[in-house]
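Working notes for the structure below.
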Amino acid sequence: MSFIGQVLQWFLDGSHWQGDFGIPNRLFEHVYMSAASLAVAALIALPIGITIGHIGRWGNLAINVSNVGRAVPSFALLVFAVQLVGIGFWPAFVALVALGIPPMVTNSYIGMREVDADVREAAKGMGMRDRAVLWQVELPIAAPLIMAGVRTSAVNIVATATLAALVAWGGLGRFIVDGLAQRDTVQLFAGALLVALLSIAVEVSLTGLQRITTPIGLRSETTTQEVRSTSLSAA
């Protein structure tokens, strides 16, 4: 039987879809870890990026710190977190939160700074207070680029959550780690395929959500902003 046939047979085996070690439970663990990490990272990163973008100060500092965060390998963060909180859920959670913060800080900052200054001045000229300008003018215009940062963080976290299996947590990475330990290439490939499919599903879903929430007139402009954001982040 070919290798692809063996992988197909692995997926068709009913025992791989049942119990604590089955695909549904492992998928739930993976999504749970990823969603919790993304939520906490967003609670930390978005207020920082939006605030410094709104006031127009400390932007370079924030982006440089964010880029340093991108440069630190996720595995190194995981090892460091293990030294702090032991094995299990928490070290992987800490590492994934740290991984998710930089793209959201960068994108939310750039999104706020990309708001046309004339639009701000026009809003203030109409008598809007600073807080109203932030909530009713700047955030709606910057929302597509902020959402792009959330999407990037989500895909990174889902793809990296496989490392959680290295510190005695579950998730889809369990199939990969166990496959390596047992030299079971079929299980290893099946686990990697599941992670890849989940990452693609998250990317497609959030891209669709971003497009739906972006006004038609801003869609082409948003694409240009994303390219600029990526360039600045990589600088």
Side-chain angles (χ1 to χ4, degrees), residues 20-21 23-52 62-63 65-109 111 143 145-178 191-210 213 226 229-230 233:
D20 293 340
F21 304 135
I23 294 172
N25 189 57
R26 293 303 188 197
L27 177 62
F28 172 79
E29 292 173 342
H30 202 100
V31 172
Y32 174 72
M33 169 70 79
S34 300
S37 303
L38 180 66
V40 173
L43 288 175
I44 297 171
L46 295 184
I48 294 174
I50 290 171
T51 300
I52 61 177
I63 289 180
V65 171
S66 178
N67 285 337
V68 169
R70 290 171 187 264
V72 178
S74 301
F75 186 73
L77 283 173
L78 186 65
V79 171
F80 181 71
V82 166
Q83 302 304 315
L84 292 177
V85 296
I87 61 174
F89 174 86
W90 292 108
F93 175 75
V94 170
L96 292 176
V97 168
L99 175 70
I101 289 175
M104 288 191 277
V105 169
T106 303
N107 274 53
S108 55
Y109 168 75
L145 199 51
I146 295 173
M147 187 64 194
V150 175
R151 189 187 74 215
T152 301
S153 293
V155 174
N156 288 344
I157 286 174
V158 168
T160 310
T162 52
L163 294 178
L166 295 174
V167 290
W169 176 252
L172 296 174
R174 194 75 262 166
F175 296 122
I176 298 174
V177 172
D178 290 347
L193 182 61
L194 287 168
V195 174
L197 291 175
L198 180 60
S199 298
I200 292 172
V202 170
E203 169 74 19
V204 171
S205 300
L206 293 181
T207 299
L209 180 61
Q210 180 185 350
T213 56
E226 285 189 45
S229 171
T230 303
S233 300

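These figures come from a predicted structure and were not determined experimentally. Numbers for residues simply follow the sequence, beginning at 1.
- Judged as a salt bridge (charged side-chain N to carboxylate O under 4.0 Å, His left out), the pairs with a partner in residues 23-33 (not counting sequence neighbours) are, in order, R26-E29.
- Residue pairs satisfying the salt bridge (charged side-chain N to carboxylate O under 4.0 Å, His left out) criterion with at least one member in residues 74-94, sequence neighbours excluded, are absent.
- Heavy atoms of other residues, nucleotides or ligands lying less than 6.0 angstrom from CZ of F80 number 12 at most.
- Looking at every heavy atom in both residues, M104 comes nearest to G100 through CE-O, 3.3 Å.
- Ring-plane geometry between W90 and F93 is classed as perpendicular, the angle between the planes exceeding 60 degrees on a 0 to 90 degree scale with a lower cut at 30.
- At a threshold of 4.5 Å between non-hydrogen side-chain atoms, the residues V94 and L84 do not count as touching.
- Using a 4.5 Å heavy-atom cutoff, the side chains of V82 and V167 are in contact.
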What donor-acceptor contacts under 3.5 angstrom involve side-chain atoms of residues 194-209, with partners at least two apart or in another chain?
| residue | atom | partner | partner atom | Å |
| --- | --- | --- | --- | --- |
| S199 | OG | V195 | O | 3.0 |
| E203 | OE2 | R151 | NE | 3.4 |
| E203 | OE2 | T207 | OG1 | 3.4 |
| S205 | OG | A201 | O | 2.7 |
| T207 | OG1 | E203 | O | 2.7 |

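- Residues forming a side chain to side chain contact (heavy atoms under 4.5 Å, CB included) with A143 (at least two apart in sequence, or on another chain): none.
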Stepwise side-chain contact (heavy atoms from CB on, under 4.5 Å) check, I146 with I50: CA-CA 9 Å; I146 295 173; I50 290 171; 4.2 Å; yes
Name the atoms and distances for all side-chain donor-acceptor pairs under 3.5 Å in residues 168-176, with sequence neighbours left out.
| residue | atom | partner | partner atom | Å |
| --- | --- | --- | --- | --- |
| R174 | NE | D178 | OD1 | 3.3 |
| R174 | NH1 | A165 | O | 3.1 |
| R174 | NH2 | D178 | OD1 | 3.2 |

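- When all heavy atoms of F75 and L163 are compared, the pair lying nearest together is N-CD1, 4.1 Å.
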Please table the atom pairs, donor to acceptor, closer than 3.5 Å between any side-chain atom in residues 34-47 and protein atoms at least two apart or in another chain.
| residue | atom | partner | partner atom | Å |
| --- | --- | --- | --- | --- |
| S34 | OG | H30 | O | 2.8 |
| S37 | OG | M33 | O | 2.8 |

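- The line from CD1 of I101 to CD1 of I48 is 7.0 Å long, rounded to the nearest 0.5 Å.
- For the atom pair L145 CG and N107 CG, the distance stands at 4.5 Å (nearest 0.5 Å).
- Across all their heavy atoms, P102 and L99 have their closest contact at CD-O, 3.4 Å.
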